[in-house]
Each structure stands twice: as structure tokens, then as C-alpha cells.
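In listed order, ligands and their atoms are each counted from 1.
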Amino acid sequence: MEETIKLKTPELFVLIERKFKQAGLPDEQAKEAANQLVFADACGIHSHGVVRLDYYAEQIAKGGITLHPETKFEQTGPSTAIFHGDNGMGQFICRQALEHGFKMVAESGLALVGVSKMSHSGALGYYLKKAAEKGYIALSMCQSDPMVVPFGGSEIYFGTNPIGIGAPCADRPPVVFDMATSVQAWGKILDARSKKQKIPTTWAVDKDGKPTDDPMKVQGLLPIAGPKGYGLMMMVDILAGVLLGLPFGKHVSSMYDDLTTGRNLGQIFLLIDPKRFTDPHEFKIKIKQMVDELHENKPADGFDQVYYPGELSQIKYETSIEGGIEIPTSIYEYLQSETVHFNQYNGKDAFAE
Ligand code: NAI
């Protein structure tokens, strides 16, 4: 078992922020990105927490992220806009796009903001929660690097293209549903490789497109629920890629191919003000009622209770804020060191053993 160390969230934040700055990221952006990584780890979404830091640092140091992006907000209609991100840091670009979205939704009740050209933006739940805390329903989708075979295919085509939807709830934190459209994240395959464990044959395929239980043979991930997940990931690419005039499918830049140039990724944020449809207070009360009724649902064998989407992350978040976050000691040593990155991602084949 890997050794871990527990850090209080403010301590982890300071260490991550420092590393971002060491890599060259300006202060405000380092703060925003550090906030999101700590949020992900605090929620137990470790695939999108501090484990990503040395990748980001390498990309920043090598010029793959525009440090002073010349962003442009282009309102194309009463409720539609494109936020041009100039391949800036994903978290920083998304925050600005959302802020514009908040102004638009307050005025027109609806806002669809397409983010055009940015770097990896991390866990969608971070943005959805912010929007839902303001009382809005929020949907987001983004492109990611091609790693998944289409249903019935043997070659990778789509990314793990995540979809998330958040909604406010009375007397409770928002309900936030947030998932990749692949069965498992690539990080889980890496984890199985490092532990020399077999994987379920429902996760991934080998070079011939055959399901495999050997993590070393993985050459592509599988979509969730066969043709349904495959359909969803295609729709994500249509909305967050094609609609914005960006590369799509297998033409989306790979995460590790070239860390010296921008990734040109797309994302959308759809914000809805419930008050344009119903009494907003009633709306939140009814969501609470739904949650309460789900909690009263008799658990199936092997389950302790029914949870609503995002609830386990919320419980974990509260525990982490109180008691700290467990991170691998090797990452802690990296955080404390003067090493900016390990120079291990540029040009790497994601599937190589
Ligand atoms: P996951 O499989 O851990 O969870 C998916 C959803 O199911 C969540 O809303 C979770 O709250 C809910 N859930 C899980 N267990 C539950 C239970 N027992 N009862 C009720 N609900 C439950 O998430 P996944 O697919 O591994 O995604 C992790 C993160 O990766 C997400 O934040 C996603 O946005 C992010 N991601 C980001 C990408 C990017 O390029 N920016 C690409 C792919 C994923």
C-alpha cells in the first residue's frame, strides 16, 4: 500500500498554489486552479486533484498554457455567448466564462456560454456547485483527449467527455451529478497497472478491440452502457466541440502529445434560472422532498442507503474540511520540493506500458 499523509485543506491549498506559481502561473490563476484541485481531492475525486499537478506544471512550464490569455467575451444573442479562452488555464478561463454566464442568466433567465480554446478544466462539479449555490440549474459538458472506442469499434475516437448537471436544494448543499461518459477514468487503469491487479472486462479493450482484464494490454476505454454512453459522448463533442468550430472526436488534441502548444479544448455552460418557470423557493423545496423520499427508499441487499447524486462527495467534502485530506507521501514530497515537474508527460503515449 502506498504511504499517505494527511494535510489540512488550507495547507494543501498553499502547497499547490506555490507549485503553480513556481511553474510560472500568475497569482490569480494559481489561486483558482489550486482551489479546484483541493475541491476535487476534498470531494474524493482524486483522479482530478493534486495527482494532476505535475502534469499541469509541466504544461505551464513548457508553454502549453497561455499565461496571459487575451480572452474575449462575444455575446451572440440575448442568451448566447462564446468566451474565447486563448488557451489559458482551464480553471481560470471557465471561472470567467461562468461569471459572464451569471450576468446573462440574471438578465434573460437562460445563458448558454461556449468556452472556446482552453486547457484541461478538471472536475465539472466545481463549476456546477458554484452555479447551483446561486440558485441556478447548471449543465456543463467538455471535450477531452481521445481514449474511448465507439460502441462496436476497435479504435479510439472520443474522449471520456464528461457531463454534469447541478440544481439547488432547500436546506442542503446542491444536488450535483457529474460523470465521465466512459466506464472508468484512465487513472483507474494506471492504478491497476501499478498494483498488478486484473480489471473487470467491462472497462477497456485491447489492440483488437476485444475486452481485456489485463491493464497492461489496454488500448482503449469503453463507453458507459454500450451504445447509450457512446451516444452521449458523441453529443458532448457536438455541443462542446463542433458547435464552437473546434476539433472533434479523434482530432481533439491528446493530453500528452505536445505540452508546448495549446489544447484548443471546448466546454459549454448552460445556466437556467428556475424562477422563469416556477416559484424558485417551491422548486428547491420539491428537490429536497425528492432527496428525502430517496433517502427513505428501502436499501437493496448490500447497500446501507440510497444517496442522491453528489451526496457521497458532499459528505467526503465536509469530512475533509474538518479532518484533512489524505495524499500520497510521494506527492507531498514533490509539493515541498523545489522541483517544478518531472518531465515525464511530453510526447508520452498514454497507453504505453
Ligand atoms: P463517478 O463515477 O465517481 O461519479 C459519477 C456520478 O455518480 C457522480 O455524480 C456521483 O455523485 C454519482 N454517484 C457515485 N456513486 C453513487 C452512489 N452510491 N449513489 C448515488 N450517486 C452516486 O465519476 P467519474 O465518472 O469517475 O468522474 C469523475 C470526475 O472526472 C468528474 O468530476 C468529471 O467531471 C471529471 N472528468 C473530467 C474530464 C475533463 O477532461 N475535464 C474528463 C473526464 C472526467
Side-chain angles (χ1 to χ4, degrees), residues 33 36-49 51-52 55-56 59 85 89-94 97 115 118-132 138-148 156 158-167 169 172-191 200 202-204 221-225 229 232-233 236-237 240-241 246 252-256 263-269 290-291 294-295 297 299-300 302-317 350:
Q36 196 215 32
L37 297 198
V38 173
F39 170 85
D41 274 323
C43 290
I45 310 171
H46 298 299
S47 57
H48 287 74
V51 74
R52 299 267 171 161
Y55 163 74
Y56 284 136
Q59 195 186 22
M89 188 75 190
Q91 290 82 354
F92 179 59
I93 298 301
C94 280
V115 184
M118 60 166 186
S119 68
H120 186 253
S121 66
L124 299 186
Y126 176 71
Y127 312 104
L128 301 169
K129 194 172 179 194
K130 275 184 198 293
L139 173 147
S140 189
M141 301 177 180
C142 75
Q143 296 183 297
S144 76
D145 44 324
M147 285 208 146
V148 188
I156 54 168
F158 285 118
T160 55
N161 298 0
I163 300 179
I165 304 179
C169 180
R172 284 183 167 278
V175 175
V176 178
F177 175 64
D178 173 23
M179 61 156 208
T181 47
S182 55
V183 178
Q184 286 298 351
W186 176 234
K188 299 263 175 73
I189 310 286
L190 292 179
D191 194 40
T202 48
W203 286 15
L221 304 176
L222 281 163
I224 51 166
L232 281 175
M233 59 181 57
V236 170
D237 230 345
L246 296 173
V252 173
S253 62
S254 160
M255 198 146 181
Y256 307 123
R263 293 212 46 213
N264 296 320
L265 295 175
Q267 181 151 345
I268 57 161
F269 290 106
M290 199 188 282
V291 163
L294 287 168
H295 282 162
N297 198 295
F303 291 85
D304 58 345
Q305 72 161 83
V306 173
Y307 295 94
Y308 64 84
E311 185 169 10
L312 290 170
S313 292
Q314 180 61 32
I315 294 170
K316 184 90 187 74
Y317 180 81

S140 side chain to I268 backbone, donor-acceptor under 3.5 Å: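 A pair under 3.5 Å: yes.
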Short side-chain to backbone donor-acceptor contact, T181 and N161, under 3.5 Å: yes
Residue pair D237 / Q143, side-chain heavy-atom distance below 4.5 Å: yes
Contact check, side chains of Y308 and M290, non-hydrogen atoms, under 4.5 Å: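 Heavy-atom side-chain distance check fails, nothing below 4.5 Å.
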Are there any protein N or O atoms under 3.5 Å from the N or O atoms of ligand 1? List them with distances, or say none.
residue  : atom   : partner : partner atom : Å
ligand 1 : 9 (O)  : D178    : N            : 2.9
ligand 1 : 11 (O) : G310    : N            : 2.7
ligand 1 : 25 (O) : A180    : N            : 2.8
ligand 1 : 30 (O) : H48     : ND1          : 3.3
ligand 1 : 32 (O) : D178    : OD2          : 2.4
ligand 1 : 34 (O) : L124    : N            : 3.1
ligand 1 : 34 (O) : D178    : OD1          : 2.7
ligand 1 : 34 (O) : D178    : OD2          : 3.4
ligand 1 : 36 (N) : H48     : NE2          : 3.3
ligand 1 : 40 (O) : H120    : NE2          : 3.3
ligand 1 : 41 (N) : G122    : O            : 2.9

R263 and S119 side chains, donor-acceptor separation under 3.5 Å: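 Not at all, the side chains of S119 and R263 share no donor-acceptor pair under 3.5 Å.
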Over 12 non-hydrogen atoms of neighbours within 6.0 angstrom of OH in Y317: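 Count not over threshold, so no.
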